[in-house]
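One structure is given below, encoded as structure tokens.
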Number of protein chains: 2
Amino acid sequence: MGVSVGRKQLWDQADVLARAMRLFRRCGYLGASLRDIEEATGLHPGSLYRVFQSKEGLFCAALDAYNDQVVQGRVRAHLLEPPDPVAGIRSFFTSTFETGLDPDPGCLLTNTAVESFTVPQAAAGVHRGLETIESGFADALTRARALGLLSADLDVEASAARLLALYQGLLVLVRAGAPVTKLHTITDGAMASIGSDKEGQS
Amino acid sequence: MGVSVGRKQLWDQADVLARAMRLFRRCGYLGASLRDIEEATGLHPGSLYRVFQSKEGLFCAALDAYNDQVVQGRVRAHLLEPPDPVAGIRSFFTSTFETGLDPDPGCLLTNTAVESFTVPQAAAGVHRGLETIESGFADALTRARALGLLSADLDVEASAARLLALYQGLLVLVRAGAPVTKLHTITDGAMASIGSDKEGQS
DNA sequence: CCCATAGTTGAACGATCGCTCACAAAAATA
DNA sequence: TATTTTTGTGAGCGATCGTTCAACTATGGG
């Protein structure tokens with residue numbers, strides 16, 4: 001069945017998608033030309049088009065990879081796994097602007113939602129990524145409530161939706177170059193709005 | 001001094017900027033070609049370039065017009081003038097997604113912040129617009145506190161920053177096609193997070 | 001060794017991009 | 001009316017866009 005005739009593919013698809021993803025996060029879909037993509041990935045247009053059909057196809061594949069690796073990775077690391085879900089939610093926010101991690105390449109979900117008119121097929125990917133984040137918030141909130149860290153009558157669904165909006169807004173402000181102090185203020189307010197301020201509330 | 005020799009300009013600059021603004025809100029800077037601009041404004045490239053020097057110049061002028069007209073108009077109408085500042089804040093949010101007003105042309109500040117790499121000179125305009133909104137929130141919160149509608153120990157500055165982030169996030173979700181019920185949930189949560197839920201809190 | 005197959009390469013296509021400029025048309029001055 | 005000055009017009013510039021494809025290179029089967 002698995003015919004093994006012909007030349008072997010010289011490049012790793014995951015690696016190429018990771019490079020394309022980084023370029024799209026920085027420059028957006030329209031801002032990244034095929035020549036830029038060629039330079040970033042090291043692939044010539046023929047190879048790109050044989051596998052991904054078009055620039056849009058590559059973009060959608062990069063968006064899927066972003067969801068599967070970056071988004072799910074961050075959600076798992078900050079929202080699902082930490083024993084202290086409240087601290088996890090906080091670090092999910094602060095990790096977007098605190099130095100060291102990465103020099104602000106931008107969130108592909110935020111950027112694509114704003115650019116959405118350009119690549120209609122990407123809407124599904126944006127929706128999927130946003131839902132991953134939101135259900136991550138919901139999971140962390142539910143766990144925190146069960147641990148007694150938050151009020152028992154907290155509306156998890158509404159709080160998760162609000163945290164998602166706050167998170168997207170924070171990313172916009174990061175892109176706009178807001179000072180880190182303001183981003184911290186917003187994060188502190190977000191934590192307080194779910195009933196957990198910095199000092200703890202017993 | 002004011003020499004009055006030569007042909008009269010046939011077009012109204014404010015009207016042209018309003019049309020360009022609408023196009024940029026919908027398509028973004030990169031997504032709007034000069035041919036699109038020509039069609040939207042009715043101006044030929046010669047006239048455009050004589051007055052605005054470049055596509056970037058036109059964009060920055062449109063962004064300034066957006067700040068002076070749309071942003072300041074909305075801030076005044078919802079945050080500065082209403083006798084009930086709390087209701088004003090709520091309508092400032094809901095007016096972005098409730099039907100009738102406009103079919104979601106997008107916020108030029110949000111879009112430009114995300115696209116910021118493209119037109120570096122636009123950063124100042126984005127900053128100015130965001131500050132207009134944030135100080136509008138601060139004004140409404142201060143008035144609401146003075147009226148006894150909100151807790152006396154409310155941190156106005158922090159709440160205004162959080163409302164700005166929430167507002168930008170809401171606009172991202174609107175662009176992403178989030179259902180109206182979710183947008184309402186987020187708005188209700190935003191109001192509750194400043195200490196005023198739907199039913200009122202005495 | 002030769003052929004069939006799969007993958008790589010990069011020149012080049014038509015379309016469109018942002019932008020320019022020579023020219024025509026109007027308004028004020030002489 | 002002739003002249004000067006400003007504005008409108010739109011063909012067309014070089015550059016770059018997304019995309020294609022014919023030639024070339026590796027691989028496995030017979």
Side-chain angles (χ1 to χ4, degrees), chain A residues 1-17 19-21 23-24 26-63 111-112 115-122, chain B residues 1-17 19-21 23-24 26-63 111-112 115-122:
Chain A
M1 36 171 302
V3 273
S4 56
V5 179
R7 193 171 176 171
K8 284 174 184 169
Q9 187 168 293
L10 295 176
W11 44 282
D12 175 32
Q13 180 150 330
D15 177 62
V16 163
L17 283 178
R19 293 172 185 272
M21 181 200 310
L23 181 65
F24 284 130
R26 191 155 33 87
C27 304
Y29 176 77
L30 292 174
S33 78
L34 259 225
R35 270 86 182 173
D36 295 333
I37 295 170
E38 195 175 344
E39 186 183 15
T41 62
L43 257 74
H44 295 91
S47 296
L48 283 171
Y49 275 80
R50 195 178 49 78
V51 174
F52 299 109
Q53 287 86 37
S54 64
K55 186 187 175 186
E56 292 199 1
L58 171 64
F59 182 80
C60 290
L63 180 57
N111 304 0
T112 306
E115 257 197 326
S116 57
F117 67 97
T118 307
V119 189
Q121 309 134 352
Chain B
M1 40 173 297
V3 275
S4 58
V5 180
R7 190 170 176 172
K8 286 174 184 168
Q9 187 167 293
L10 295 176
W11 44 282
D12 176 29
Q13 181 150 329
D15 177 63
V16 162
L17 283 178
R19 292 172 186 272
M21 182 200 308
L23 181 66
F24 284 130
R26 191 155 35 85
C27 304
Y29 176 78
L30 292 173
S33 78
L34 267 195
R35 270 83 180 174
D36 295 334
I37 296 171
E38 195 176 342
E39 186 182 14
T41 63
L43 257 72
H44 295 91
S47 296
L48 282 171
Y49 275 79
R50 195 176 48 77
V51 175
F52 299 109
Q53 286 88 37
S54 65
K55 186 187 175 186
E56 292 199 0
L58 171 65
F59 182 79
C60 289
L63 180 57
N111 304 359
T112 307
E115 256 196 328
S116 57
F117 67 97
T118 307
V119 189
Q121 309 134 352

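Just so it is clear: chains get the letters A, B, ... in the order the sequence lines come, proteins before strands, and each one is counted from 1.
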Integer-rounded Å distance: [N] [atom2] and [X] [atom1]:
X	N	atom1	atom2	result
A:L30	C:dC17	CG	P	11 Å
A:Q9	C:dT9	CD	C1'	15 Å
A:W11	C:dT9	CH2	C1'	14 Å

Problem set entry | Counterpart residues, salt bridge (Lys or Arg N to Asp or Glu O under 4.0 Å), relative to A:D36 (two or more places apart) |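 Counting only residues at least two positions away or on another chain, A:D36 forms no salt bridge (Lys or Arg N to Asp or Glu O under 4.0 Å).
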
Identify, with sequence neighbours excluded, every residue that meets side chain to side chain contact (heavy atoms under 4.5 Å, CB included) alongside [X].
X	answer
A:L34	A:I37, A:Y49, A:K55
A:A61	A:L17, A:F52
A:A122	A:F59, A:L63, A:T112, A:V119

Problem set entry | Residues forming a side chain to side chain donor-acceptor pair (under 3.5 Å) with A:Q121, sequence neighbours excluded |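 For A:Q121 the side chain to side chain donor-acceptor pair (under 3.5 Å) partners, ignoring immediate neighbours, are A:E56.
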
Exercise. Can you name the residues that form a side chain to side chain donor-acceptor pair (under 3.5 Å) with B:E39, not counting sequence neighbours?
Worked result: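 With neighbours one apart ignored, the set is empty.
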
Exercise. Hey, does the side chain of A:E115 reach the backbone of A:G28 with a donor-acceptor pair shorter than 3.5 angstrom?
Worked result: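 No; zero donor-acceptor contacts below 3.5 Å.
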
For this session: Find the bend of the helix from C:dC1-D:dG30 to C:dA30-D:dT1 as the angle between its two terminal axes (five pairs each), to the nearest 10°.
Result: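 Computed angle between terminal axes is 10°.
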
Exercise. What string of B, S and - do you get for nucleotides 20-30 of chain D, 5' to 3', if B is base contact, S is sugar-phosphate-only contact and - is no contact with any protein heavy atom under 4.0 Å?
Worked result: BB---BBBS--

For this session: Please list residues of residues 35-42 of chain A whose heavy atoms come under 4.0 Å from any atom in DNA chain D, ordered by number; otherwise none.
Result: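 Listed by number, they are A:R35.
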
